[in-house]
Amino acid sequence: MICITGASGTLSSEVIRQLERQAIPFRAAYFSERAAEIARARRIEAVTIDYNHPDTLWAAFDDCDTLFLLAPNALNQTDLELNAVEAAKAAGVRHIVKQSVMGAAEEAYSLARIHRPVEKAIETSGLAWTFLRPNSFMQNAVTFLAPTIRAEDAFYSASDDARISHIDVRDIAAVAVAALTTEAHQGQIYTLTGPEALTYDEMAGELSKALGRAIRHISLPPRDLKAGMLAEGMPEAIADRMLDLERYFREDRAGTITGDVTRVTGRAPRRFAGYVRDTTASGLWTAGVASAFR
């Protein structure tokens with residue numbers, strides 16, 4: 001049995017969709033009972049977990065030989081995932097597929113420093129493992145940029161003209177499903193990127209073409225971007241974490257392009273233009289409310 005944690009999230013929910021399409025049995029672990037109830041109504045085997053209570057993890061992982069590990073973006077995310085590793089060992093899990101981040105081994109930015117200690121714990125756990133180290137998600141364009149695109153035909157960063165090889169979550173999920181279902185991927189580290197490294201100005205150009213209106217990218221000084229994040233209710237520690245990622249981008253350390261998606265799945269990863277076309281009909285890019293970044 002495969003257990004998928006973070007089942008309501010952008011990536012794990014796509015992993016679940018792909019497992020369903022392939023009729024592969026799995027158990028989905030949610031943070032809320034309401035989400036689990038909705039999943040059960042879809043005939044998904046669903047459980048609830050609390051990373052702060054290992055007994056819920058043991059129960060969720062019981063009878064599972066493979067675990068997809070992805071904890072919430074919390075201030076203590078490292079500790080939460082370490083709890084899950086210990087619970088996986090106690091429950092008899094044999095293989096952990098861990099969602100990590102690009103550049104985790106170098107620990108050169110805050111997100112990498114969150115994930116690398118968990119990778120190290122898994123490496124010394126005695127369990128088989130596979131590490132997925134993706135670049136920033138294309139879906140983050142909707143999650144983080146769409147509100148101001150809808151309201152102002154603009155989006156904001158502190159990345160200047162950095163090139164970033166964003167990746168579509170659907171491609172990460174395809175690699176995850178392969179790793180979860182095939183022993184050949186054990187002991188492998190996959191750095192997952194899109195097929196091109198675009199600047200945010202170039203992404204704005206793709207959005208403009210797809211949406212039929214001019215979309216601007218506005219690069220702000222980090223302190224101004226942070227002020228906007230705080231005004232929109234983001235906790236300061238999370239804002240600092242995101243600003244450190246922007247710093248990593250500005251240093252041109254996120255423009256690497258790898259062939260790992262193709263090597264694992266047999267097909268090229270999706271381009272940003274294709275992602276935008278796929279989401280244009282959804283209404284996600286149209287009318288919204290003003291933001292604090294004005």
Side-chain angles (χ1 to χ4, degrees), residues 1-72 74 77 79-100 115 118-119 121-134 169-190 192 261 264-266:
M1 174 69 77
I2 296 167
C3 183
I4 308 298
T5 61
S8 294
T10 302
L11 176 56
S12 292
S13 60
E14 179 60 29
V15 172
I16 286 171
R17 278 190 287 271
Q18 295 190 23
L19 289 170
E20 286 182 302
R21 283 199 294 268
Q22 297 181 44
I24 297 170
F26 66 91
R27 178 181 300 152
Y30 294 88
F31 304 134
S32 81
E33 181 57 30
R34 176 58 180 157
E37 289 175 357
I38 292 171
R40 292 184 195 114
R42 293 173 46 204
R43 299 185 178 180
I44 291 174
E45 181 180 342
V47 296
T48 56
I49 59 173
D50 182 339
Y51 281 93
N52 291 299
H53 293 89
D55 57 319
T56 68
L57 299 173
W58 301 333
F61 302 163
D62 187 44
D63 295 328
C64 291
D65 52 18
T66 305
L67 172 67
F68 183 70
L69 178 57
L70 175 55
Q77 182 176 346
D79 292 336
L80 298 180
E81 292 200 4
L82 290 173
N83 288 346
V85 173
E86 290 303 311
K89 290 164 59 178
V93 170
R94 297 200 302 266
H95 178 205
I96 295 178
V97 177
K98 172 169 166 48
Q99 165 70 9
S100 185
H115 287 278
V118 183
E119 290 184 346
I122 295 171
E123 288 170 343
T124 60
S125 68
L127 305 180
W129 52 265
T130 309
F131 298 152
L132 310 184
R133 294 177 176 171
V169 160
R170 292 171 292 182
D171 294 320
I172 305 172
V175 174
V177 168
L180 290 165
T181 58
T182 308
E183 291 185 359
H185 301 290
Q186 294 181 6
Q188 298 298 309
I189 299 173
Y190 296 120
L192 306 175
V261 170
V264 174
T265 68

Might you confirm whether atom CZ of Arg43 has over 12 heavy atoms from other residues, nucleotides or ligands at distances under 6.0 Å?
-> no

Atom pair CD/CG of Glu119 and Leu69 - distance to nearest 0.5 Å | 10.5 Å

Search all heavy atoms of Pro72 against all heavy atoms of Tyr51 and return the closest pair with its distance.
-> CD-CE1, 3.7 Å

Dump the intermediate steps for side-chain contact (heavy atoms from CB on, under 4.5 Å) on Tyr30 and Ile38, then the final yes or no.
-> CA-CA 10 Å; Tyr30 294 88; Ile38 292 171; over 6 Å; no

Of all heavy-atom pairs between Gly6 and Ser12, which one has the smallest distance, and what is that distance?
-> O-CB, 2.9 Å

Lys/Arg N to Asp/Glu carboxylate O, Arg170 vs Glu14, below 4.0 Å = no

Heavy atoms of Pro134 and Ser100 approach each other most closely as CD-O, 3.4 Å

Distance, nearest 0.5 Å, that separates CZ of Phe26 from CE of Met1 = 9.0 Å

Asn52 versus Asn83, closest heavy-atom pair with distance = CA-ND2, 4.4 Å

Ion pair Arg17/Glu20, N-O distance below 4.0 Å = no

Distance, nearest 0.5 Å, that separates CG of Leu127 from CD1 of Ile96 | 5.0 Å

Could you please spell out the steps behind the side-chain contact (heavy atoms from CB on, under 4.5 Å) verdict for Glu81 and His115?
-> CA-CA 9 Å; Glu81 292 200 4; His115 287 278; 4.2 Å; yes

Student check: side-chain heavy atoms of His185 and Val175 closer than 4.5 Å = no

Within a radius of less than 6.0 Å around CZ of Arg34, do more than 12 heavy atoms belonging to other residues, nucleotides or ligands occur?
-> no

Any chance you could measure Tyr190, atom OH, to Thr130, atom OG1, to the nearest 0.5 Å?
-> 7.0 Å

Please step through side-chain contact (heavy atoms from CB on, under 4.5 Å) for the pair Phe131 and Glu123, ending with a clear verdict.
-> CA-CA 10 Å; Phe131 298 152; Glu123 288 170 343; 3.5 Å; yes

Could you state the interatomic distance from CD (Glu183) to CD (Gln186), rounded to the nearest 0.5 Å?
-> 5.0 Å

Report the C-alpha separation of Ile49 and Phe31 in whole Å, then their side-chain angles, then the decisive distance to 0.1 Å, and conclude whether the side-chain contact (heavy atoms from CB on, under 4.5 Å) test is met.
-> CA-CA 5 Å; Ile49 59 173; Phe31 304 134; 4.0 Å; yes

Knowing that exactly one of Ile189, Leu192, Leu11 qualifies, which makes a side-chain contact (heavy atoms from CB on, under 4.5 Å) with Leu132?
-> Leu192

Answer yes or no: does atom CZ of Arg94 have more than 12 heavy-atom neighbours from other residues, nucleotides or ligands under 6.0 Å?
-> no

Does the side chain of Gln22 pick up a donor-acceptor pair with the side chain of Gln18 at under 3.5 Å?
-> no

Nearest non-hydrogen partners of Ala60 and Arg27, listed with the distance = O-NH1, 2.7 Å

Ser13 (side chain) donor-acceptor with Ala7 (main chain) under 3.5 angstrom | no

Any side-chain heavy atom of Leu19 sitting closer than 4.5 Å to one from Ile4?
-> yes

Taking all non-hydrogen atoms of both residues, which atom of Phe61 and which atom of Ala84 are closest, and how far apart?
-> CE1-O, 3.6 Å

Once you round to the nearest 0.5 Å, how far does CD1 of Ile2 lie from CG of Leu67?
-> 10.5 Å

Check: Arg40 side chain, Ala46 main-chain N or O, donor-acceptor pair, under 3.5 Å = yes

